[in-house]
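Written out below as structure tokens is the structure these notes cover.
In what follows, every heavy atom counts, from backbone to side chain, and hydrogens, waters and symmetry copies are set aside.
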Amino acid sequence: MKRLELVFQKLVEIGSGKKVSAGELAEMLDLSRANVSSDLNRLWKDGKVEKTEGRPTLFFAKEATNSLLLEQTSLDRLAKTNKSLLTPVEQAKAAVLYPPRGMHCLILGETGVGKSGFAVLIHEFAVDIGRLDKNAPFVVFNCADYANNPQLLISQLFGVKKGAYTGAENDRKGLVEKADGGILFLDEVHRLPAEGQEIFFTFMDKGTFRRVGETEIERTAQVQIISATTENPESSLLKTFIRRIPMIIRLPSLREWRIEERFGLVIKLFREEAFRLGREITISASAIQAFLSYHCPNNIGQLKTDIQLTCASAYAEFISMKKKQLHVTVQDMPHHVKQGLLLAKEQKSALDELIGTNNECFVVLPTEDSLMVGREPEVTSNSVYEKIEQKIYELQNQGVSEEELEFDIENYFTPFIKGVHQRINKDDMARIIDPIIIHLVEEIVEYAEAKLGKILSQKVIFGLALHIQTSKERLAQGKQIVNPHINGVRLKYKKEFAVALECVRMIEEAILMDLPIAEAGYLTMFFVLDDESMQEERETIGVLVITHGSGGATAMVDVTNRLLVTDYAKAIDLPLEVDSMIVLEQAIKVARQISGTAGLLLLVDMGSLLGFGEMIAKELGIPVRVIPMVSTPHVIEATRKAMLGASLEDVYRDVASLTLFQQQREEPPKESACAETPKMVIVAACLTGEGSALFLKKLLESRLRYDEQLLEFIPLQLIDKAQARKQLKNMKAEREVLCVVSNYVLDKDLRCYGMDDVLNGEALHDIQQTIDLEEAYVKMEETLKEHLSQVEGKEVLRDVRMCVSRMEERLHTTLIFDTRIGTYLHMCCLVDRLRAHTHAVVYQEKEPFLAENRLLYSLIRHELHPLQEKYAISITDDDVCFIMNFFLHNKTLA
């Protein structure tokens, strides 16, 4: 008898008039209390027993138990929690109830959708309703095991007569006979060879069969056949075989489940692991999101395996690190599950509604089916004591004696104080620190600063407050303050140690507890670690550029680093044939190298790269901001600001102001009627009437990226060409016309694109580049206006553009978009620098470079004269060399 049945039977024997607790029942049955509690809760969920509110929970059997057992069957419970399985459940019920003894079924579904488990539930349902005897067999046979040996397969199914073949020394029953009165489940039935399918015809039609070797005796068996396959039955099974299976049940894949159903399954599987491990499991909200969102091609089977691997990883850390809680986080999950966080944005609203947005965690217990929701545990619970205790534990396990347990305490204080500073601000301090402790710390700081003649940083003060509170809680729990032989601290920092001794006395008086002398060594370290020693290894943010295609990101970063004479910005290219997840791994690796606690600014172009920021942030635990639709000006501005030490939010805000299209910002408010008219236009002109021109305008608006405040598309009807030219001329006088889309040339000075080239998409790239370039000029004017101190940004940009245009004409070349923007910025900043008479730049190996490119030097030097004269500056040969490089590397930067 199963333990569950034993528990239920004992409750029935006790009767409904007496209520017992799980502990009392466990003692009666001599079983584990945890197991009995789990069984009682399962019986209660199944509606077989009742329980009382309060503590301890008491259980008792229901009256008229036999009738109540039928109120809710296993299939009913499945349909109740999984609406996606409602149809399969109803089909299964119909197959079992069909007179006289049910009908055969074929279960279809992908690998891992739970076909075997569903067959078990059908058997349980048939037993629950009395269609099958409670001891009715459920026999499982995997056809794949004997797919290559049809004769052996048939003998396994139908049995063997003694002497039928060599080695058949006794009569042997087959699985069909063993399943008599019950269910035979044929898994992977598509692997059943044609001979086996044909033999089943007779059995399914008449219920008769013969063992291998029998010719006269005909046997009978009452067996319901349930088969399952992952293949299309029309192509993998004989049609005559399929006709004998009237009920086809298709189980949906996991991706067809509703998100709340998948959530229930995830929690159920975690609860199974909690039961297996015998302890509660706390699961972070991010981990739940990943399990609800990642691609799980092998469905329930794979989900179960992934959850087991995750729990195993968390359990290993729980044991090795001697943690108080078994806490599952994103770091414990397999890599392919972590990728689910990239896909979570696609169903963000549903996830927020289901999981919440308050950083909640979920707790599953090994003895109950309930789910508790709480807050993520605070990282601040870790103290210096715990870190040092862990280090001592590790060293002792390595065979290090107590005399040799001297190690650098500073290595444990520095990360602690840095971490506290990141987690706590001044307002938070009052919420998590005892007011008595806060007042005490203020006195200690005042005393220590007076004695030591220094000002303690806010980082140290926060850390000191948290440390003293931890000390108090530790002593209250009876734990000792570890002395890891820090006498070296006393000898090295005599003055600070003397101050710390007095502070220990102040603490003892405030908290009314005795502190060991070792605590003075800890306090000494707080006084020693000043601002300079507490500086982060990298206070500036990292700048990483990732774009689709070969060389795009590298080109922008190359231009940026050359202009700023640095290698600060980093680039990763994503060729179209490479999986983005491979690049994600590379991005995490690079981000780890270039980003400290200050964070990372990620500049991308489009698509899946927009989700990389959240993934990197969760993986590395650092703040990450993402700039979409990146271009070279964005990279230059981001790198320049980052090198100056600006914060992540400041850099993001300034760079975002250059961004033409930001997918993650709110829509700008609608302008009032008196809003300024966009200064740039693109004209869509059509001979067939205004309707066609409007269609062309809509097409351009939908296919091109543009800033509505800067650019407008204007439809123009070509009934009268002369009138159209006049309208266009008036438009040019007031606004900048970038190009015309028309089959007729209305202005020879304007670029004109044919309608066919626009409709088939061939001209859209050129038009888009024109838009990007012109809008970049406008944004560049605004940027230069803020950052140039000696010259007026708009004017110098106009002069530089004319200068570069003359160079292009003389050199018979055209700079590509990124190179052109970089050239303009470089030359504008050059003029401003020379006007300010700041230090000159030096070009390495200038002489051989000039000797090799003498003609290019002469042409560029000549075209720079107007700039020099207007702004009264002298451009050196070194500066000319840098400008020459833009033209020399124009193609390589493409």
Side-chain angles (χ1 to χ4, degrees), residues 535-547 553-572 587 590-591 593-605 609-610 612-613 616-617 620 622-665 775-791 793-794 796-797 818 821-833 836 838-839 841 882:
Q535 285 296 318
E536 304 287 347
E537 293 182 2
R538 182 185 178 87
E539 291 292 347
T540 54
I541 67 170
V543 176
L544 177 60
V545 183
I546 311 177
T547 63
T554 301
M556 286 186 279
V557 168
D558 189 27
V559 170
T560 298
N561 286 339
R562 289 188 187 189
L563 284 173
L564 301 177
V565 194
T566 184
D567 61 349
Y568 191 95
K570 303 299 178 184
I572 298 177
V590 173
Q593 295 171 350
I594 67 174
S595 302
T597 55
L600 172 74
L601 185 70
L602 183 64
L603 300 102
V604 302
D605 54 358
L609 297 179
L610 295 171
F612 275 26
I616 293 173
L620 301 183
I622 61 173
V624 179
R625 298 304 300 264
V626 181
I627 296 289
M629 301 305 296
V630 61
S631 66
T632 303
H634 302 138
V635 185
I636 294 172
E637 182 67 1
T639 306
R640 189 183 69 81
K641 281 290 182 66
M643 290 172 65
L644 292 174
S647 68
L648 177 61
E649 290 304 317
D650 288 342
V651 177
Y652 172 78
R653 183 181 62 251
D654 291 343
V655 176
S657 67
L658 293 175
T659 306
L660 304 180
F661 304 95
Q662 302 174 65
Q663 297 185 9
Q664 297 180 349
R665 291 183 67 184
E775 290 184 340
Y777 294 154
V778 176
K779 297 295 184 181
M780 207 184 307
E781 288 177 2
E782 299 171 1
T783 303
L784 292 173
K785 180 180 180 180
E786 294 179 7
H787 299 293
L788 298 185
S789 60
Q790 303 298 318
V791 292
K794 183 176 182 181
V796 74
L797 178 59
D818 290 342
I821 295 299
T823 307
Y824 292 160
L825 283 174
H826 175 83
M827 292 180 63
C828 289
C829 293
L830 168 65
V831 173
D832 189 73
R833 174 169 59 83
T838 57
H839 65 279
V841 297
F882 284 108

Worksheet item: To the nearest 0.5 Å, how far apart are CG in Leu620 and OG1 in Thr597?
Response: 12.5 Å

Worksheet entry | Distance-minimising heavy-atom pair for Val559 and Gly822 | CG1-CA, 4.1 Å

Discussion item. On a heavy-atom basis, which atom in Val543 and which in Ala642 lie closest, and how many Å separate them?
Written reply: CG2-CB, 3.8 Å

Practice prompt. With rounding to the nearest 0.5 Å, note down the distance linking OH in Tyr568 to OG1 in Thr540.
Written response: 3.0 Å

Item to complete: Taking atom types as modelled, find out whether Thr823 and His826 have a side-chain donor-acceptor pair closer than 3.5 angstrom.
Response: no

Worksheet item: Between atom CG of Asn561 and atom OG1 of Thr639, what is the distance when rounded to the nearest 0.5 Å?
Response: 6.5 Å

Discussion item. Does Leu825 form a side chain to side chain contact (heavy atoms under 4.5 Å, CB included) with Leu784? I'd like the steps, not just the answer.
Written reply: CA-CA 8 Å; Leu825 283 174; Leu784 292 173; 4.1 Å; yes

Response to the item:
Scanning both residues in full, the closest heavy-atom pair of Leu601 with Leu648 reads N-CD1, 4.0 Å

Practice prompt. Measure across Val557 and Ala571 and return the closest heavy-atom pair with its distance rounded to 0.1 Å.
Written response: CG2-CB, 3.4 Å

Worksheet, complete the sentence: side-chain contact (heavy atoms from CB on, under 4.5 Å) with Phe612: of Val626, Val604, Leu602, Leu544, only one passes, and it is Leu602

Worksheet item: Mind checking whether Val655 and Arg625 have side chains closer than 4.5 Å, heavy atoms only?
Response: no

Worksheet item: Atom CG of Leu788 and atom NZ of Lys794: how far apart are they, to the nearest 0.5 Å?
Response: 14.5 Å

Discussion item. Return the SG to CD distance between Cys829 and Gln790, rounded to the nearest 0.5 Å.
Written reply: 12.5 Å

Response to the item:
Ala553 and Thr547 have their tightest heavy-atom pair at N-OG1, 2.9 Å

Fill in: Rounded distance (nearest 0.5 Å) linking atom CG of Leu603 with atom CG of Leu609
11.5 Å

